Each structure stands twice: as C-alpha cells, then as structure tokens.
Protein chains: 2
Amino acid sequence: MASRPSTTLSGPLARRLADSGLRATPQREVVYDVLLKKRDHPTAEEVFARVKPALAGISLATVYNCLETLVQCDLVRAVNFERGPTRYCPNLRPHAHFHDDATGATHDIDLPPAVLTKIKSVLPAGYEANAVEITFRGKAKSAR
Amino acid sequence: MASRPSTTLSGPLARRLADSGLRATPQREVVYDVLLKKRDHPTAEEVFARVKPALAGISLATVYNCLETLVQCDLVRAVNFERGPTRYCPNLRPHAHFHDDATGATHDIDLPPAVLTKIKSVLPAGYEANAVEITFRGKAKSAR
DNA sequence: CTTGATATTTAGAACCATTCCAATTGGCTG
DNA sequence: CAGCCAATTGGAATGGTTCTAAATATCAAG
C-alpha cells in the first residue's frame, strides 16, 4: 500500500533520505558520490570544488546543507581536529583518526570491538556515552 | 653562575616560564590562577570574565596570548569539542573528556595506563603517535 | 498534466572565535 | 638610567560556518 516510489527515488542514498522524510536531489547525490569516490576526509570547500564539475551552478551553502543532511542520515561522519575546518568521512565502521602532523592528512584506524569495550570501561557509573571520538596526532612513516 | 632570579620569579609558573625563556607577568599569573581555581574547562571568554576583577584593564587578546603561552609550557591543555570554542584544562594527567549533551559541561575521565596502552595498540606499524585525544559524548546522570 | 503545498537551493550578509597588526608599555641588563 | 626586547593592548582582519529571504524544484493529489 505504500505509494509507488517516484522515479527519482532509487539508490541507497535515496532510500535513506526518504526514511527521514527528505528528498533525493542531484546536489545531495553528487555530494555523496564525491565523498565515496575519494575518501581523504575533504573539507566542505574541497567537496565544493570536487562537486562543481558535475554541477556547475551549485553553491557553497548547498554543499554545507547537503553535508549536514548526510550526517543526519548517518551516511557520513563529520570529523574535527583542533578547530580546523570540519572534514567528512563516509567510513561508518568504528574507527579512530590519525592526523599526520607532517602532511596534514587524516587516516582511518580501525577499532576492534575489544578495544572499544576497554575504552568504554573507563567511564564511571552514571556516565552514559552515545559516542566516542579518538584522535591520534603524530607522524606516519610513508606506507611502503 | 645562573644570574640571580629577579624578585618576581618564584612560583612553579614563574619557573616554567623562565625555563622557556619567557617572563612571569601579572596577566599570566592571574590567568593561570583562574584556571586552577575553577576547573570547569572555561573558554577564553570565560577566562577573560574571571580575570577582569583582578586585572581590570586586561584585554581579550592578552587572555588568548596567556592561554597559548601556558599551553606551550605544558601547564595547561587546550580542549576542543566539535568546532565549539577552545576550552582550557589544567589537569595534566592522562585523561579523556566527557561532554554532557544535556548541560554542555565537560568532565575529566582518568585514563589508566593499561587502557592507554590498549588504545595505542590499534596503530599499525609506521604510525607514530605523539598524542591521543579521547572524547565521549553523552549524558551524565547527576553525581549523586 | 496542472496545481498547490512544502523542501531545497541560492547568493550574500552576518556571525563567532581567533589571529594579526602596529603602537605602547613594561621589565631586566648593562 | 638607558636601551633593548618581551609582553600587552585595541582594533582590524580572517576563516569557517550559519543565517536570511527570495527563487526554484519536487512531490502528491486531482
């Protein structure tokens, strides 16, 4: 009995948006695609630049809007490091971030459940955490 | 052979500053005192407000300068939460922060060495961390 | 396919925390 | 007490982000 989804609602993005009563727009699709394509934790400005070729007329405000929407839908995570510009990350598994002082790059570090458990064990009774954020700062020797 | 420390150089603050070739000034002393006195992770503006009674003419720029100086000397730590204003914390032991969504308050959570070790164990070879930051977000039931 | 109701996008102004600037003030050394 | 450099100051400038009001796009119903 659900009314037939209109033509534009299709991909996983559209579904998620619809679940929140939001619409799938070209801007949202392209912003999300850009994040999936190059997972280097871009800033809003960087996303803006990457989106432009596909959607010449898009505005920076819209990029901010789309990013916030994606974060709300739990499709993307916002990452902050010391008052620098917010960066965006489509990796939804539990992970920490490693900020390379030398290059400014941000790397994902997977967090095994056991470690996550141990970390949460430091909370005294009465503290109920909805989320943990773990950030390393240091130098990463080149991958080789 | 060290030249006699001049009269104003005395407390632990003055010593630390001198170690870095910096001077002990009334502004720095008062800013540091304020941080020690009420350890509720105040912002620069809040420190500014608390310092004024003792040093009526102090400027906000100076508060920022003093705070940065104290951070450089490792007497104080700067704490960031999701692009909010930087907060300052004189607790130098390894600890995480718990950000209470309901009240906006920030609480220190001690980190036992064992947990710290476990956390660092997630880093793949080649990643050398100089610092880790751990932040919880959630609700803290009132202390009692 | 049109219409109306509602979301979304847009450009630009506004905002806020912070940093920068150039000038003044202060403290220590000689 | 002279000179030098550090520190402070007020105000302007910056950078990232959010707000605003108007234009536009989307969807559901008819």
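Just so it is clear: chains get the letters A, B, ... in the order the sequence lines come, proteins before strands, and each one is counted from 1. What's counted below: heavy atoms across the whole structure, side chains too, no hydrogens, waters or symmetry copies. The structure presented is a predicted model; accordingly, all values stated were derived computationally and were not measured.
The B/Cys66 side chain lies nearest to D/dT8 when the options are C/dT8, D/dA7, D/dT8. Side chain of B/Ile58, nearest nucleotide from C/dT9, C/dT18, D/dT9: D/dT9. The side chain of B/Leu60 approaches C/dT18 more closely than any other nucleotide in the set D/dT8, C/dT18, D/dT17.
Counting to the nearest Å, the C1' atom of C/dT18 and the CG atom of B/Asn80 are 12 Å from each other. In this structure, the CG atom of B/Leu17 is 12 Å from the P atom of C/dC28, given to the nearest Å. Atom-to-atom, CZ of B/Arg28 to P of D/dA6 comes out at 11 Å; the value is rounded to the nearest Å. Rounded to whole Å, atom C1' of D/dA21 lies 14 Å from atom CG of A/Asn65. Straight-line distance from the CG atom of A/Leu22 to the P atom of C/dT9: 10 Å, rounded to whole Å. As a whole-Å value, the separation of B/Glu29 CD from D/dT8 P is 11 Å. Here D/dA7 presents its P atom at 12 Å from CG of B/Leu13, a figure rounded to the nearest Å. Atom-to-atom, CD of A/Gln72 to C1' of C/dA7 comes out at 15 Å; the value is rounded to the nearest Å.
The shortest distance between the side-chain N/O atoms of B/Tyr64 and the OP1/OP2 oxygens of C/dT19 is not below 4.0 Å. Phosphate contact (OP1/OP2 of D/dA7, side-chain N/O of B/Thr62, threshold under 4.0 Å): absent.
Residue B/Thr25 is in sugar-phosphate contact alone, with no base atom involved, counting any heavy-atom pair closer than 4.0 Å across all strands shown. In this structure, B/Glu45 reaches neither bases nor backbone, as no heavy-atom distance under 4.0 Å exists between it and the strands shown. If you check every strand for non-hydrogen atoms under 4.0 Å, A/Thr43 touches nothing. Among the atoms of the strands shown, none is found under 4.0 Å from any heavy atom of A/Gly84.
To the nearest 0.5 angstrom, A/Arg28 atom CZ is 14.5 Å from A/Arg16 atom CZ. Distance NE2/A/His97 to NE2/A/His107: 11.0 Å, rounded to 0.5 Å. Atoms CZ and OG1, from B/Phe81 and B/Thr86 in turn, are 13.0 Å apart once rounded to the nearest 0.5 Å.
Taking the six-membered ring where the residue is Trp, B/Phe98 and A/Tyr127 present perpendicular rings, their angle passing 60° and hence far from 30°.
Applying the 3.5 Å distance criterion, the base of C/dT8 shares no donor-acceptor pair with the side chain of A/Arg23.
In terms of position on DNA chain D, the residue among B/Gln27 and B/Arg83 whose nearest nucleotide sits closer to the 5' end is B/Gln27. Nearest-nucleotide positions on DNA chain C place B/Glu68 closer to the 5' end than the other of B/Glu68 and B/Pro26.
Here A/Arg50 pairs with A/Asp40 in a salt bridge; the nearest charged N to carboxylate O distance falls below 4.0 Å.
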